[in-house]
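Since the structure comes first, as structure tokens, the remarks are kept for the end.
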Amino acid sequence: MSRSAHPAGPRHADVLTEGHYAAPPADLNVLDEKVWARTVSRNDDGVVAVGGIEVTRLAEEFGTPAYFLDESDFRARCRAWADAFGRDADVFYAGKAFLSRAVVRWLREEGLNLDVCSGGELTTALGAGMPAERIAFHGNNKTVAEIERAIEAGVGRIVLDSFQEIVRVSHVAQRLGKRQRVQIRVTVGVEAHTHEFIATAHEDQKFGIALAGGEAAEAVRRTLALDGLELIGIHSHIGSQIFDMAGFEVSARRVVQLLAEVRDEHGIELPEIDLGGGLGIAYTSDDDPREPHEIAKALSDIVTRECEAAGLATPRISVEPGRAIVGPTAFTLYEVGTLKHLEGLRTYVSVDGGMSDNIRTALYDAEYSVALVSRRSDAEPMLVRVVGKHCESGDIVVKDAFLPSDLAPGDLIAVPATGAYCRSMASNYNHALRPPVVAVRDGEARVIVRRETEEDLLRLDVG
Ligand SMILES: *Cc1c(COP(=O)(O)O)cnc(C)c1O
């Protein structure tokens, strides 16, 4: 989306035109199970509940805005991924989507591994008891201090992202008298978007080492030549919010080609390939995500076929879903503060949070859904834009959605599918206090990340 300046007022493409918007759903009280966490439902009294607790009670006890995370859904999704991939594959949860100590415990208990990409994420993981060998360390510019801590802790793998890092990790490992298991992250020339992928001859991004031009083959050569490194495989992550398996197909084919080249040149078959994450979820009813078992079958078929064609033994596969596990399990609960009806345009509904608790709409033009959850309403649908309370007109939470036309200040509305990349990307813009994350399960609600306080803000401000 272009960020160029434009005259005040709506852009022409934003003006409501007849037939431009999809028709409102037949009944705004119905919650599409695709976009809501599994235990969310509307009770007979019209109030929405999660894990058996009504949102009105949750708002009273924990305040708004707040993220409510359906713990049993989170655990069920972990198990679905682990079961789908079975014993011949490893599922790494991408911690950057949302990480807390409780989440680490759930992952540990449900048998998942964990991707981290900073010292902070590593500390959280280790502090909550994730065994180091189940941790993968990512990032395109890990500091020497981070590399040291990761190697000292004994992480299962470090994913090498540049030529400098190959040398750096080797150097640190040798200094610590260790041999570190590593993968090399390659860029396969596939850029995956939601519904299409574009194959590019040249890479233009900061991650990984290009397969093109023999760069990745050279990275393998250097990694094998240096002491302190044990090369266990090749890593590729092609993007985010992907629904189409075609991008993974191209990626797997090119990674397998590299494995074949490595065998031909060095006489070794690397035992693992990691196809990254990026599996899409439903933010609105228009999205149709695949189930983990379909994804697992598709990926393992692709890899098996390509390896057979290349005469290679099938390597062990890893995948790294972040959003697909945590995204659908949480919603953000807001209280409506003000409404502005702009004749012929839309109604602006202002809530008590905004871009500080969900930057994705402003950052990626992301789509979300929204529902009135504190009561039932059979009023006519109205087209709304849900906006926050920040000093910025781009402070949009939900760009276009329908809510009942009797919506009023004090109503609670909820935005589903905010489990991933919302709390983890939250900011203190306008000195907003970042909302809590409350885990709900079987009629019990428990704060797993508490709400920030003004003391928290002032603690950093040393005057
Ligand atoms: C972000 C990221 C993921 C997770 O992506 P999702 O879209 O949340 O599934 C996995 N692997 C790597 C290397 C990443 O950078």
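In this structure, Tyr368 contributes its side chain and Ala401 its backbone to no donor-acceptor pair below 3.5 Å. Using a distance-only test at 3.5 Å, with no hydrogens or angles considered, no donor-acceptor pair links the side chain of His293 to the main chain of Ala84. For the pair Asn358 (side chain) and Val397 (backbone), a donor-acceptor distance under 3.5 Å is absent. Here the side chain of Thr361 pairs no donor or acceptor atom with the backbone of Val398 at under 3.5 angstrom. Side-chain N or O atoms of Asp88 include none that pairs as donor or acceptor with a backbone N or O of Ile317 at under 3.5 Å. Using modelled atom types, no side-chain atom of Arg441 and backbone atom of Leu69 make a donor-acceptor pair closer than 3.5 Å. A donor-acceptor pair under 3.5 Å is formed between the side chain of Asp352 and the backbone N or O of Glu335. Here the side chain of Asn430 pairs a donor or acceptor atom with the backbone of Cys391 at under 3.5 angstrom.
Salt bridge Arg181/Glu272: present, at least one basic N to carboxylate O contact under 4.0 Å. Using a 4.0 Å cut-off between a side-chain N of Lys or Arg and a carboxylate O of Asp or Glu, Lys96 and Asp115 do not qualify as a salt bridge. Of the charged side-chain nitrogens involved, none lies within less than 4.0 Å of a carboxylate oxygen, so that Asp161 and Lys142 do not count as a salt-bridged pair.
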Got a list of side-chain donor-acceptor pairs under 3.5 Å for residues 31-38, not counting sequence neighbours?
unit_1, atom_1, unit_2, atom_2, d
Asp32, OD1, Lys34, N, 2.9
Asp32, OD2, Ser285, OG, 2.5
Lys34, NZ, Ser285, O, 2.7
Lys34, NZ, Asp287, O, 2.9
Lys34, NZ, Asp288, OD1, 3.2
Arg38, NE, Asp73, OD1, 3.2

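Counting only residues at least two apart or on different chains, the side-chain hydrogen bond (donor to acceptor under 3.5 Å, both in side chains) pairs with a member in residues 49-58 are Asn43-Glu54. Pairs of residues two or more places apart, or lying in two chains, that qualify as ring pair (Phe, Tyr, Trp, His ring centres under 6.0 Å) and include a residue from residues 100-154 are Phe74-Trp106, His138-His235.
Annotation: side chain of Arg360 is not in contact with side chain of Thr418 (no heavy-atom distance under 4.5 Å). The shortest side-chain heavy-atom distance between Val373 and Leu333 falls under the 4.5 Å cut-off. Between Val437 and Phe98 the shortest side-chain heavy-atom distance falls below 4.5 Å.
Rounded to the nearest 0.5 angstrom, Asp274 CG and Ile184 CD1 are separated by 13.0 Å.
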Verdict with supporting geometry, Tyr334 and Asp357, side chain to side chain donor-acceptor pair (under 3.5 Å): CA-CA 11 Å; Tyr334 300 104; Asp357 58 72; 2.4 Å; yes
Begin from the C-alpha positions of Arg459 and Glu455 and carry the test salt bridge (charged side-chain N to carboxylate O under 4.0 Å, His left out) through to its verdict. CA-CA 6 Å; Arg459 213 166 41 205; Glu455 293 82 79; over 6 Å; no
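Figure legend: Arg323 and Tyr421 shown without cation-pi pairing, the cationic atom not lying both under 6.0 angstrom from the six-membered ring centre and within 45 degrees of its axis.
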